[in-house]
Trainee: 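Let me give you the structure first, and then I'll get to my questions.
Here, residue 1 is the first one in the sequence, and each next residue gets the next number. Atoms considered below: every heavy atom in the structure, side chains included; atoms not considered: hydrogens, waters and symmetry mates.
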Amino acid sequence: MKDVLSIGHETEKTVYDSIIVGAGAAGLTASIYIQRDRFNSLILEKKNIGGNAFLTEKIENYPGFTSISGPELTQKMAEQAKTYGAKIETGVSVNAIQKTGTTFSVTTNMGQYESKTIVLALGSTYRKLGIPNEADLIGAGIHFCATCDGAFYRDKEIIVIGGGNSALEEGVFLAKFCKKVTIVNRGTEFTASQTYIEKLPSIKNIETYMNKESVEFIKNEKGNFKGLKIKDVESGETQELYADGAFIFIGLIPNTDSIKDFIQLNEQGFITTTGLAETNVKGIFAAGDCREGAIAQVAAATGEGVLASYGVRQYFS
């Protein structure tokens with residue numbers, strides 16, 4: 001059965017110095033540094049190279065590029081990793097990791113791989129609303145990162161969905177250059193810290209809608225973003241809010257289900273680390289959005305990858 005599953009994949013033939021799970025900015029950077037240290041690495045990615053950056057139409061805050069698309073930037077990283085000898089396999093989902101003697105066995109949908117160290121760059125998934133037209137408009141009117149995409153809405157009107165720290169912090173940030181910011185919160189009160197809540201009344205171009213459920217994103221006749229339909233949680237009355245775009249801030253879901261029984265996680269499911277990105281299992285490191293305390297920015301993710309690579313280097317030394 002293993003022979004069938006391994007068609008087109010070099011499994012159970014090579015013991016890698018490091019297997020990196022995830023081909024986002026953190027994983028790709030870790031691979032670049034690990035390869036430059038003369039260790040051989042394999043990157044396993046279940047979807048597209050690029051992680052969450054793949055969903056970003058334009059990145060204008062990554063050093064060295066005034067403007068570049070997420071896919072283009074991370075493809076450059078992948079090409080650089082390959083130049084140094086890294087191997088990247090996509091369409092590979094990690095189901096389990098086990099320690100077998102001095103190496104780790106990584107079980108995937110394509111068979112098993114062996115490695116002396118592991119870098120978990122699993123990333124995270126933006127929590128979505130799951131309402132009509134949301135999937136069609138992501139990256140084209142619907143966004144999850146104000147720092148990444150907020151500048152496209154200078155002097156325009158936007159909707160912010162959420163009531164926690166991220167929603168209010170990013171809403172205040174967007175209000176500095178957007179014509180109007182409408183915050184829609186499902187709860188009767190904000191769950192953000194009091195510091196953010198106290199700022200809202202003094203910001204004249206922020207309007208809040210409390211106790212309102214987001215039920216559908218609205219498209220115009222050309223299929224472009226037009227607004228959001230909301231419903232009052234108590235009365236059930238609906239209304240439509242029109243804007244140029246929307247930002248959803250209802251949390252991140254770390255992609256850590258496959259390793260939750262093997263690696264120590266915090267209550268939210270993020271990987272806890274110490275020192276040089278070390279997990280509770282010696283020889284396994286974590287980098288990027290799946291790690292507790294990480295900043296969900298491409299530039300920060302590259303730094304996470306560097307940190308993990310230094311952990312790998314120290315482990316071998």
Side-chain angles (χ1 to χ4, degrees), residues 16 18-31 34 41-55 74 88-100 103-110 112-128 130 144-145 164-166 248-298 300-309 311-312 315:
Y16 293 92
S18 190
I19 285 180
I20 300 159
V21 186
L28 293 169
T29 304
S31 179
I34 287 169
S41 65
L42 168 68
I43 302 176
L44 302 178
E45 169 58 50
K46 65 179 179 179
K47 293 182 179 178
N48 301 309
I49 291 173
N52 284 335
F54 185 81
L55 301 174
T74 50
I88 302 175
E89 294 192 5
T90 57
V92 183
S93 299
V94 172
N95 300 321
I97 299 173
Q98 292 181 313
K99 191 163 189 178
T100 55
T103 63
F104 295 97
S105 178
V106 181
T107 302
T108 76
N109 61 319
M110 301 303 294
Q112 285 192 319
Y113 300 80
E114 301 294 326
S115 181
K116 297 173 186 175
T117 63
I118 303 287
V119 175
L120 298 172
L122 300 163
S124 61
T125 303
Y126 293 115
R127 195 180 296 276
K128 302 177 182 65
F144 300 90
C145 175
N165 283 334
S166 294
I248 302 174
F249 300 114
I250 56 175
L252 288 170
I253 304 172
N255 302 324
T256 54
D257 275 350
S258 63
I259 49 91
K260 63 183 179 181
D261 297 326
F262 189 61
I263 299 295
Q264 183 175 311
L265 310 176
N266 69 8
E267 292 182 0
Q268 290 75 41
F270 292 92
I271 300 171
T272 58
T273 60
T274 58
L276 293 175
E278 302 158 76
T279 71
N280 63 304
V281 178
K282 190 174 181 180
I284 298 185
F285 307 85
D289 294 356
C290 66
R291 190 181 71 84
E292 181 181 33
I295 299 172
Q297 292 289 311
V298 179
T302 60
E304 296 262 330
V306 174
L307 186 68
S309 76
V312 171
Y315 178 83

Trainee: Does a donor on one side chain sit under 3.5 Å from an acceptor on the other, for Ser105 and Glu114?
Mentor: yes

Trainee: Taking only residues two or more places apart in sequence or in another chain, which ones pass side-chain hydrogen bond (donor to acceptor under 3.5 Å, both in side chains) with Gln297?
Mentor: Asn61

Trainee: Tell me the closest heavy-atom pair linking Ala277 and Ala308, and the distance in Å.
Mentor: CB-CA, 3.9 Å

Trainee: Please name the pair of heavy atoms, one in Leu44 and one in Val92, separated by the smallest distance, quoted to 0.1 Å.
Mentor: CD2-CG1, 4.2 Å

Trainee: Main chain of Phe249, side chain of Ser166: is a donor-acceptor contact present, judged purely on distance under 3.5 Å?
Mentor: no

Trainee: Judged by modelled atom types alone, do Gln112 and Thr107 share a side-chain donor-acceptor pair under 3.5 Å?
Mentor: yes

Trainee: Ignoring hydrogens and geometry, is there a side-chain-to-backbone donor-acceptor pair from Asn109 to Gly91 under 3.5 Å?
Mentor: yes

Trainee: Does any N or O in the side chain of Glu292 come within less than 3.5 Å of the main-chain N or O of Thr272, such that one atom is a donor and the other an acceptor?
Mentor: no

Trainee: Donor-acceptor pair, Asp289 side chain versus Ser124 backbone, under 3.5 Å?
Mentor: no

Trainee: Mind checking what makes salt bridge (charged side-chain N to carboxylate O under 4.0 Å, His left out) contact with Lys46, not counting sequence neighbours?
Mentor: none

Trainee: Please give me the minimum heavy-atom distance between Ile43 and Gly22, naming the atom from each residue.
Mentor: CG2-O, 3.6 Å

Trainee: Assess, by modelled atom type and distance only, whether the side chains of Thr117 and Ser18 contain a donor and an acceptor separated by less than 3.5 Å.
Mentor: yes

